[in-house]
Structure formats: structure tokens, C-alpha cells
Amino acid sequence: MRARVALFAFCCSFGLVIGGCEPPGKPRPEEAQAENRETILDHKVLFNSNCAGCHGLNGKYGPARIINDAIYLSIIPRDTFRNTVANGRPGTAMPAWAKSQGGPLTGRQIDSLVDGIYKDWGNNPGDVPQDAPPYSANGKAGDPNHGKQLFARDCFMCHGKGAAVGPITEPVYLQLVSNQMLRSSIITGRRDLGMPDYRDLNMGKALSDQDVTDLVAYLNSLRTTPAPGETGAAGGEQAGSTGPHENENGPGQGQITKGNEGGNGPGSPQHQENEGSKGKGSSSQ
Amino acid sequence: MIAPNNQLNTETEMKGNTPDPSRRDWLFNVGMALNILAGLALAAPLIGFVFSSFAERKDPRSWISLGRLENYPEDSTRIATYRNPYTRPWDGETADIPCWVRRLKGNQFQVFAINCTHLGCPVRWFKESGLFLCPCHGGAYYEDGARAAGPPPRGLFTYDYKVENGELWVKGGEMPTLSNPV
Amino acid sequence: MQWLRKTAVWLDDRLHLTALYASTAGHEVPASAGSWFYVFGSATLLCFIIQIVTGSILAFVYIPSTNEAYTSLQYLNHAQFWGWYIRAVHNWGSNFMVALMTAHMIQVFLFGAYKYPRELTWISGVFLLLMTLAMAFTGQVMRFDQDAYWGLTIGASITGRVPLIGAQLVHVLLAGPIIAGETLSRFFTLHVFIIPGLIIAIVSMHLRLVLTKGINEYPKPGHPIHKSTYDAEYAEILRKEGVPFVPNAVGKDLIFAALVIIGILACAFFLGPKGPGGPPNPTIVDTNPRPDFYFLAIFAALALLPDWMEVIILFAAPAIMIAFLLLLPFISGTGEKSAGRRPVAVLSVIFIMLTIGVLAYMGETSPWSPNMGAWSAAPVPIQYVRGRTPLAMHGATIFQNKQCRNCHMLGGVGGERGPALDDVATRLTGPEMVRQVIQGGGNMPAYGKKLTPAEVEALVAFMETLHGRATPPAQDAAPPQNKLPRDFAIVMPRAVHASR
């Protein structure tokens with residue numbers, strides 16, 4: 001009797017193995033797909049492996065710009081955002097990620113990443129005021145003197161010399177950040193780290209577009225070197241050095257367009273020398 | 001050859017059966033000599049087949065195009081891939097060889113082999129820090145290929161290159177090693 | 001039944017089976033040789049037989065062509081009925097074979113079995129060791145994936161360091177100037193025809209020597225070997241306590257053999273085959289080649305050796321080691337056999353095994369390799385961001401951007417090539433940091449050309465805030481900093497957000 005039970009049990013387990021249940025060691029069919037990083041399109045995976053280092057896990061709490069911020073995503077034009085990811089911000093710490101610029105990501109991956117970021121973090125209309133200052137100053141000149149007054153009123157508490165958070169008026173700091181970065185930061189603040197956005201900087205009264213422009217103009221006036229990423233007006237002497245600007249299909253398939261004339265201004269940071277092509281078109285300031 | 005001969009003699013002597021030792025010896029010696037000749041005739045092509053690299057010393061390299069110059073912006077380092085000229089119909093994807101192309105100014109290039117000079121692993125370029133890093137033992141090279149840190153005994157191997165008809169050409173076709181740096 | 005008996009007698013008359021049996025399986029061994037310590041040799045042979053059988057079956061499907069090998073491996077894994085399992089058995093069989101061979105060698109060494117008159121048994125065993133390692137290396141190439149491809153380049157690069165004829169040897173190894181179609185054919189021939197043939201030949205000699213010179217008796221402390229007396233002593237042992245190997249001494253071998261087979265099958269069933277990893281496409285630069293575990297120790301040694309020593313260690317050390325193993329029975333061919341009276345032998349086994357083990361562990365973890373993705377994937381720990389000045393925060397961005405993180409850990413994440421920098425401010429002053437960053441040194445590249453003065457200042461401002469690994473703030477603060485969360489959806493704690 002016992003022998004028959006044992007035989008039955010054996011036959012059952014054998015049948016299970018042959019029939020339905022997969023042996024634990026059997027390779028899964030998905031393993032047959034070759035590991036190829038270029039096929040990854042999940043924006044979360046892409047963000048975590050390429051962006052989280054500087055912009056923080058989940059787009060916050062990183063040393064670089066906050067990305068997980070509804071105001072930022074509502075003011076920055078999507079093509080500017082995409083262009084920044086693809087081509088970087090020459091002169092700043094933001095590298096280019098597009099394959100054509102020597103980066104690791106394909107055009108599709110960048111599209112997927114940008115779409116995912118807007119979908120996950122940009123869809124919070126209740127958090128986004130309608131009157132936010134525009135992303136770009138649009139070439140408007142600011143009034144540094146008015147900006148200086150605003151700085152004393154709204155920023156000095158934290159960013160004056162010797163103040164709690166730390167100065168942003170030092171030339172050394174200003175050498176590292178672009179005017180656009182200053183503008184975006186004033187508008188969005190760093191809500192993850194405790195810096196208010198433009199609505200709260202002035203004791204609960206919102207800063208206007210002109211206020212922000214003036215503040216940036218003031219900070220810009222403190223610079224001892226040209227702002228990074230700005231193409232200097234006297235760039236003619238380096239005009240020949242700008243490489244051609246390609247699209248993102250990689251070498252060989254790229255449609256070649258002639259890069260805009262105008263190199264970086266004299267004295268611009270030397271670490272640009274390997275940023276790939278840095279025509280004016282890719283700096284998107 | 002001598003040992004079996006002696007053995008044979010002792011054997012025959014033991015059996016007390018020595019009809020014609022000189023004729024026997026002659027047959028044995030001629031037989032051995034013939035076999036040695038035949039064996040050499042067989043061995044020579046076999047050894048030549050397997051160790052042909054010692055006999056044939058022709059340069060396996062040839063000029064290969066890496067594409068238009070426009071693919072390589074100035075002051076930048078990009079990866080390029082060429083089809084190995086020393087190729088067999090059944091090579092498959094192994095014959096696609098990558099290399100790092102650094103364009104300085106104008107027609108000034110440096111084309112680095114992908115292989116780390118330490119043990120041949122593929123070095124990877126990091127443009128922000130301007131370093132090539134090797135995943136195997138952590139060798140590091142500066143952007144000009146010079147050794148920066150780690151176990152590599154020298155800088156990166158560089159290909160000969162030329163610029164013709166708006167294209168970049170390199171002389172490739174051999175795996176670079178310390179005894180044969182491209 | 002009469003005809004059966006007749007046939008048996010006829011066969012025995014023609015083939016001398018009884019005599020063959022009596023001189024092999026039935027040969028007399030000391031009863032003390034029926035020990036659990038004496039089972040490793042037969043188990044190694046058993047593994048070899050399993051390898052031959054499974055290997056032959058795999059060759060029904062496997063295509064030794066650089067273009068097709070990878071596809072045929074995928075076919076074996078996913079399409080061929082039980083193909084994955086045979087691959088797994090072959091892979092685990094090789095692991096077991098190397099492990100059991102090592103155990104056999106250690107046992108033989110510690111039991112003094114290499115001493116007079118069994119010198120040749122030991123020497124043929126040394127050759128079998130080399131052949132088995134050659135099988136392991138060529139077998140790794142058969143699994144023709146990324147690791148195999150770069151393993152070949154490592155092999156070729158090592159060969160290329162041979163003085164004078166290095167270049168030609170590389171061509172011989174790769175069957176051409178570069179890894180191409182003929183390379184895999186060459187390794188296939190070695191793995192499937194030449195080396196197994198040599199192993200069969202040497203194993204035959206090894207077994208023949210066991211028969212002619214007898215199995216080593218279980219050594220007794222205080223009974224040193226003398227060439228003049230040993231043969232008579234052994235004959236005396238056989239006369240007094242000799243038993244036929246089959247059936248009297250084979251029991252433990254049989255049980256162990258069954259356990260080995262079950263072990264191999266279980267490992268194959270539950271753990272599956274190894275690889276193949278990514279396709280053998282050299283243009284996939286984003287790869288991290290590692291050898292199979294047999295060679296991890298060598299791989300590690302190559303990372304740790306100073307470069308002036310490398311050529312010496314690469315070629316002189318193996319030559320000396322092999323020469324030592326071959327000469328061992330002539331160096332200490334007589335004397336004490338028992339491990340209890342040979343402290344140097346025991347200590348050297350422990351030392352060698354520990355060295356290999358530690359090196360293999362280091363090869364597995366590879367602390368010297370940069371963490372290639374850390375700079376863009378490992379977030380700066382929040383406690384190093386919060387409360388920092390804008391300049392220091394920008395410095396943290398520079399720290400990531402310049403790939404410092406690939407070699408330096410922060411908060412337990414990052415490369416291990418350089419020291420962790422969580423407490424760098426307690427070790428270096430600001431000016432010292434500036435010098436180290438700009439000039440490099442101590443195995444660190446110089447970054448002077450890649451950083452502007454302002455960037456250096458920002459970077460140092462950041463590092464000056466690193467006073468030791470902050471204990472993560474209690475309950476409500478940070479997510480785990482030690483691991484990169486796989487799930488992007490891990491949301492930052494609300495409390496922090498609300499605290500503004």
C-alpha cells in the first residue's frame with residue numbers, strides 16, 4: 001500500500017515537472033533578449049540611472065536643479081527641456097545625453113524620459129499658479145539697481161554674506177551658474193530644501209516677471225567673468241571652433257547642419273573643451 | 001630507435017632463434033628511417049597549419065574608413081565602429097570593432113583602440129572628467145590616451161590614421177597587445 | 001540457461017574478462033584505504049565521465065561558429081527540449097569536477113601519497129590538473145557571450161606579454177590577428193577533441209599507476225618511508241589486511257559518487273545553467289567582464305600586483321609552481337607521510353587555499369573597478385545636500401558630474417577604488433584637497449585640466465562639509481541611503497517636504 005502511494009506521488013511530481021510547473025533553474029524566456037541598454041524605454045529606469053545622481057532620487061533633494069516641481073515643469077517649454085537633456089547646458093555641469101553629442105541615450109529614450117517626467121511630476125495644476133513669471137526673460141533687460149533693492153529685501157536674509165544658507169553674490173559662485181539657472185531658481189525656489197518660490201519670497205507677495213528679471217540683472221552685474229553658457233558677443237575669434245551640429249541619430253546617419261557662428265566668450269570655463277558641438281542652437285539660453 | 005633494437009636482439013637471442021641478424025637489423029633500420037621520413041612529411045604541414053603565424057608574417061592591417069569627418073566634432077571624443085578587414089564569412093558581430101576617435105583641431109586626430117593596455121578589456125570614455133576608465137582592473141587614461149592611474153603599463157594604443165576625401169581612415173585589423181601595439 | 005553460461009565462458013575465453021577483472025576492479029588494496037578520505041579521486045573521474053556524456057549531447061546542437069554560437073546557446077536554453085538542463089548539468093559538472101579535483105589533490109598531498117613509489121601517479125595528476133584548468137578556460141569560451149569575448153582578449157593580452165614571441169603566440173592563440181571566425185573553432189577543437197583526448201590518455205596512465213603501485217595505505221604517524229624497505233612493507237600490509245577493491249573497499253566510493261551525481265543534478269535543476277550573458281558583440285562597450293570562478297583569483301591578482309611585478313608573476317610564478325609540483329615527489333619522496341607530523345605541509349595548504357579564496361572573493365567584488373554608473377545613478381545622500389551653501393551644493397553637482405563618485409563612495413554608494421569621502425574633511429584640509437584634486441597622485445588621476453578654479457573651489461567647499469557619515473535622521477527623514485532603490489516610486493517622506 002505504502003509503496004503504491006509513494007509511486008503515485010513520484011509519478012505526480014514527475015508529471016508536474018514534465019507538464020506544467022517550470023523547474024526553478026530553467027532560464028526564463030525574457031532572458032533570451034539580449035541585454036541592450038538602448039532598448040530601455042521606462043522613464044523611471046532612465047531617470048534613476050542617468051539623472052538621479054545630481055537631481056536626486058525622484059527628482060528632488062539633489063544638489064542640482066529640482067526637477068520634480070510642478071512650477072518648473074509648467075514654465076519651461078517642453079522642447080527647451082528636451083533640448084537641455086539632449087544637448088546639455090554647455091558651460092554648466094549639465095552634460096549632453098544624446099548619442100549624437102557623445103551621450104548614452106537615443107532620441108527615443110530622451111522622448112520617453114521627458115514625457116514621463118512631465119506626466120509624473122508636471123500634472124499637478126492645483127499647485128501651479130497661473131501668473132508665474134515666464135521661463136525666459138526673452139531678452140528683456142533688467143534693472144540691476146532695482147534688483148539690488150529686491151535682493152536686500154527678499155534674499156539677503158538667507159543669501160547675504162555670512163547669512164544662514166550661504167551667499168550667492170560671490171563671483172566664484174556666479175562663475176558656475178548661468179543667468180537662466182538663477183532665474184529658474186528664483187521662480188521655483190527649492191521647496192524640497194526649504195527655499196520658497198517666487199510667491200513667498202516677498203513675505204507672501206508674489207514677485208513679478210520684472211522683479212525676477214531685475215534680480216537676475218543685479219546678480220549678473222556682480223559677475224567678474226561672462227556668465228557660463230552665454231555666447232559672448234566678441235566670440236568671433238573662436239568662431240571656427242564650433243563643431244557642426246548633428247541630430248540624434250548618431251554618427252553616420254546624422255543630418256549635418258552647419259553650427260551657428262560664435263564661440264564661447266573669452267574666459268569661459270575651459271572644461272567646455274570636450275562638450276562636443278556647442279553651437280548657439282544647443283545652448284538654448 | 002636503439003632501445004627497441006637492443007631489446008629485439010636480446011629477445012631473439014633468448015629464444016635462440018637468430019636466422020640472420022644483419023638482415024633483420026637492416027630491415028628494422030630501413031623501416032624506422034622510412035617511417036621517420038614519412039612522419040616528417042606528415043608533421044610539417046600539420047605544424048605549419050596550426051602555427052602559421054610564425055611562418056606567414058604579412059601585415060594583417062589595412063586602411064578602413066571610419067566615415068565622414070563631420071561625424072567627429074572638434075574637441076570631442078566619440079566612439080566609432082568599423083568592420084574588421086581580417087574577416088571570415090562566419091564572423092558575425094564579433095568582427096565589428098569599436099574604437100575611440102578624438103578629434104582635436106581640423107585634421108588632427110587621435111584614434112584609440114578600445115582595449116585597455118593592461119589586459120585588453122574595453123575602456124569607456126567619460127567626457128565630463130575627460131577620462132577613459134577600464135571596468136576590469138580600474139585602469140584610467142587621460143583624454144589624450146596617457147596613462148592616468150591603475151595597473152596599465154602604458155597609455156592607450158593608437159591607430160595610424162589619415163584623412164582622405166573628407167573621411168577618416170584608420171589602419172586596423174589586429175588586436176593590439178603589448179608586444180604588438182597595433 | 002545453459003546457452004547463457006556457454007556464451008559467458010566463450011567470451012571469457014576470448015576476452016580474458018575474469019583475469020581483467022581480477023587485475024583491476026578486484027585488485028587488492030589495504031583495508032585502510034576504504035576510507036571516506038579516499039573517495040575524491042573516483043568522484044573526479046565520475047565528473048569527467050558526466051562531462052563527456054553531457055558535452056557530446058550538447059554538441060548535437062551547439063554550433064562552433066562565431067556567428068551562430070550565441071544563437072545556438074539561446075536555442076539550447078529556450079527551445080531544445082531539456083536543453084537548458086543538459087547545459088546546466090555540464091556547467092555544474094565542471095564546477096564539481098574542479099572542486100573535487102582540488103579536494104583529491106589536497107588529500108593526496110596531506111596523506112603523503114605522492115611519496116615513493118607513487119611519484120608518477122602524482123606527476124600525471126599534476127598534468128590532469130593543468131588539463132582540467134585548460135578545459136575550464138576553453139569551456140568558458142564555448143559559452144560565447146560578452147564575458148567569453150573579453151575573456152579571450154584578456155587571454156590574448158596576457159599572451160602578448162611573453163617576451164620576444166608574444167605577437168606570434170597571440171596569433172596562435174586567436175588563430176589570427178584578432179578574435180574572428182577561426183578563434184572559436186580553435187577553442188572548440190581544444191575543448192572537444194584535443195584536451196579531452198589528452199585527459200583520457202593521462203587518466204589511463206594515472207589509473208594504471210594506481211594498479212601497479214597500489215593505493216596508498218592510510219598513513220600512520222611515526223612510520224616514515226624508506227625506499228629500501230617500503231615495497232616489502234606494502235606487500236606485508238596487503239598480505240595481512242589486503243581486500244579486493246570491489247566489493248570490499250568500494251562502498252564509500254559508490255555512496256559518494258551517488259551523492260555527487262545528485263548534487264550536480266540538484267544544482268542544475270534549481271540553479272540552472274550559467275549564461276549566456278550579453279551577445280559577443282565588442283561594440284557593446286558597456287560591459288563588465290569577469291572570468292568564471294576558477295580564474296577569479298588570477299583576475300584579482302592581476303589587479304593588485306604592482307605593474308613591474310606583473311610579467312614576473314604572470315610567467316615566472318606559474319612556471320615555478322608547476323615545476324615545484326612536478327618536483328615535489330623528488331624533493332620529499334621519503335619520510336613521514338602522516339599530516340599530523342608534517343606541519344609545514346598542512347600550513348602551506350591552508351595558506352594557499354586562503355590566498356586563493358581571498359583573491360577569488362576580491363575578484364568577485366572587484367573593489368578596484370570603478371562603479372561606472374554611480375556618477376549619474378547614485379544620488380548624493382540627502383544629509384549632504386541639506387543645509388549646504390549654494391556653492392557647496394554646486395560642488396556636490398561637480399562631484400557627481402566629474403565622475404568622482406565612480407571611485408569614491410558617499411553614504412556607502414559609489415566606487416571603492418578610492419577612499420570613501422564621507423569624512424574627508426576630518427582627514428584633509430581644504431588646501432590639501434585642492435592639491436589632491438588638481439595634481440592627483442596615489443593612484444588618482446589629476447583633474448587640473450578638467451576643472452576651472454571656480455569648480456575646484458566649489459568642489460572643495462562641498463568636501464569640507466563632509467565630517468563623517470551623518471547618522472540618518474530618525475524616523476521621518478531619508479529613505480535608505482545604502483542601496484539604490486530599484487523602484488522609482490519610493491516617495492520622499494512628506495514630513496521633510498512639509499517642514500519648510
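These numbers were taken from a predicted model, which means no experiment stands behind them. Every chain is numbered from 1, with letters handed out A, B, ... down the list of sequences.
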Q: Would you compute the distance between atom OG of Ser129(B) and atom CZ of Arg405(C) and round it to the nearest 0.5 angstrom?
A: 15.0 Å

Q: Would you check if Glu128(B) and Gln400(C) make a side-chain contact, meaning some heavy-atom pair closer than 4.5 Å?
A: no

Q: Testing the basics here: between Pro282(C) and Pro98(B), what is the closest heavy-atom pair and its distance to 0.1 Å?
A: O-CG, 3.2 Å

Q: Return the set of residues passing ring-ring contact (aromatic ring centres under 6.0 Å, His included) with Phe399(C) (not counting sequence neighbours), or none when no residue passes.
A: Phe462(C)

Q: What part of Met372(C) gets closer than 4.5 Å to chain B, counting heavy atoms only: side chain, backbone, both or neither?
A: both

Q: What option among Pro151(B), Pro122(B), Gly120(B) has the most heavy-atom pairs under 4.5 Å with chain C?
A: Pro122(B)

Q: Just so I understand: if I count every heavy-atom pair under 4.5 Å between each of Pro89(B), Gly173(B), Ala140(B), Ala95(B) and chain C, which residue has the most?
A: Gly173(B)

Q: Is there a side-chain contact between Asp91(B) and Asn67(C) (heavy atoms, below 4.5 Å)?
A: no

Q: Show me the pairs that pass salt bridge (charged side-chain N to carboxylate O under 4.0 Å, His left out) and involve residues 276-287 of chain C, at least two apart or across chains.
A: Arg37(A)-Asp286(C), Arg124(B)-Asp286(C)

Q: If you count heavy-atom pairs under 4.5 Å between each of Pro445(C), Gly166(C), Gly160(C) and chain B, which one has the most?
A: Pro445(C)

Q: Given the options Cys116(B), Pro152(B), Gly150(B), which has more heavy-atom pairs under 4.5 Å with chain C than any of the others?
A: Gly150(B)

Q: Identify which part of Thr94(B) has an atom lying under 4.5 Å from any heavy atom of chain C, answering side chain, backbone, both or neither.
A: both

Q: Determine which residues belonging to residues 147-154 of chain C lie within contact range of chain B, meaning some heavy atom pair is under 4.5 Å apart, and list them by number or answer 'none'.
A: Tyr149(C), Trp150(C), Thr153(C), Ile154(C)

Q: Which heavy atom in Ser369(C) sits nearest to a heavy atom in Cys136(B), and how many Å separate them?
A: OG-O, 2.9 Å

Q: Indicate yes or no: at least one non-hydrogen side-chain atom of Glu93(B) is less than 4.5 angstrom from one of Thr66(C).
A: no

Q: Side chain, backbone, both or neither: which part of Val170(C) has a non-hydrogen atom closer than 4.5 Å to chain B?
A: side chain

Q: Using a strict threshold of under 4.0 Å (side-chain N to carboxylate O), is an ion pair present between Lys449(C) and Glu143(B)?
A: no

Q: Ala69(C) versus chain B, heavy atoms under 4.5 Å apart: side chain, backbone, both or neither?
A: neither

Q: Between Ile158(C), Asn371(C), Leu302(C), which has the largest tally of heavy atom pairs under 4.5 Å with chain B?
A: Leu302(C)

Q: Could you tell me whether the side chain of Thr159(C) reaches within less than 4.5 Å of the side chain of Thr177(B), counting heavy atoms only?
A: no

Q: Who wins among Val50(B), Leu119(B), Leu131(B), Leu178(B) for the most heavy-atom pairs under 4.5 Å with chain C?
A: Leu119(B)

Q: Check each atom of Leu174(C) against the heavy atoms of chain B and say whether the ones under 4.5 Å are side chain, backbone, both or neither.
A: side chain

Q: Tyr141(B) versus chain C, heavy atoms under 4.5 Å apart: side chain, backbone, both or neither?
A: neither

Q: Which residue pairs pass the salt bridge (charged side-chain N to carboxylate O under 4.0 Å, His left out) test with at least one member in residues 148-162 of chain C, sequence neighbours excluded?
A: Arg161(C)-Glu310(C)

Q: Working to the nearest 0.5 angstrom, can you tell me the gap between Gln403(C) CD and Leu133(B) CG?
A: 7.5 Å

Q: For the rings on His137(B) and Phe299(C), is their centre-to-centre separation under 6.0 Å?
A: yes

Q: Aromatic rings Trp375(C) and Phe126(B): how do their planes relate, parallel, tilted or perpendicular, breaks at 30° and 60°?
A: perpendicular

Q: I need the minimum non-hydrogen distance between Tyr142(B) and Ala446(C), along with the two atoms involved.
A: OH-N, 2.5 Å

Q: Which value, rounded to the nearest 0.5 Å, describes the distance between Thr283(C) atom OG1 and Tyr82(B) atom OH?
A: 12.5 Å

